[in-house]
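Sequence positions, counted from 1, serve as the residue numbers for this chain.
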Amino acid sequence: MQDAVIDVRCDRPQDAMDFLQTLEGVQETALFGHGLHVVARTEDTICARIEAALRVNGIEPQRVERIVPSLEDVFVSLVEAHDRDFAAVEPTR
């Protein structure tokens with residue numbers, strides 16, 4: 001994976017997922033256990049920006065940390081990349 005995977009733990013991950021998806025640099029968000037995995041462009045400030053976005057939206061972050069992608073993260077990333085590539089070459093009907 002070329003993007004960073006950020007493990008986000010907070011008390012309302014479903015609510016956080018909706019607005020974190022709109023944060024600049026975020027490629028996708030997904031529920032993962034009791035938290036979220038956020039896939040984002042690799043940049044030094046992404047964790048701080050996620051924490052700030054959570055607080056602005058009334059959610060107190062318990063953990064926001066870049067992690068090594070799990071096998072599930074890599075698999076989902078590969079499937080989504082394949083789907084995007086396939087959609088780009090498939091003629092519209």
- Task: Under the salt bridge (Lys or Arg N to Asp or Glu O under 4.0 Å) rule, collect the residues that match up with D15, sequence neighbours excluded.
- Result: R12
- When you measure from the side chain of R49 to the backbone N and O of E24, does any donor-acceptor pair fall under 3.5 Å? yes
- Applying side-chain contact (heavy atoms from CB on, under 4.5 Å) to R63 and not counting sequence neighbours gives D7, R9, E65, I67
- Query: If you group Ile, Leu, Val, Met, Phe, Trp and Tyr whenever their side-chain heavy atoms sit less than 4.5 Å apart, what else falls in with V64?
  - Reply: I6, V8, M17, F19, L20, L23, V26, L31, L36, V38, I46, I50, L54, I59
- Query: Under the ring-ring contact (aromatic ring centres under 6.0 Å, His included) rule, what pairs show up with a residue in residues 37-65, not counting sequence neighbours?
  - Reply: F32-H37
- Taking Q27 for the side chain and V39 for the main chain, is one N or O donor matched with an acceptor at less than 3.5 Å? no
- Task: Search all heavy atoms of C10 against all heavy atoms of P61 and return the closest pair with its distance.
- Result: CB-CA, 4.3 Å
- Message: For E60, give me all partners under side-chain hydrogen bond (donor to acceptor under 3.5 Å, both in side chains), at least two apart in sequence or on another chain.
- Response: R55
- Item | Remaining members of hydrophobic cluster (4.5 Å side-chain criterion), L71 | none
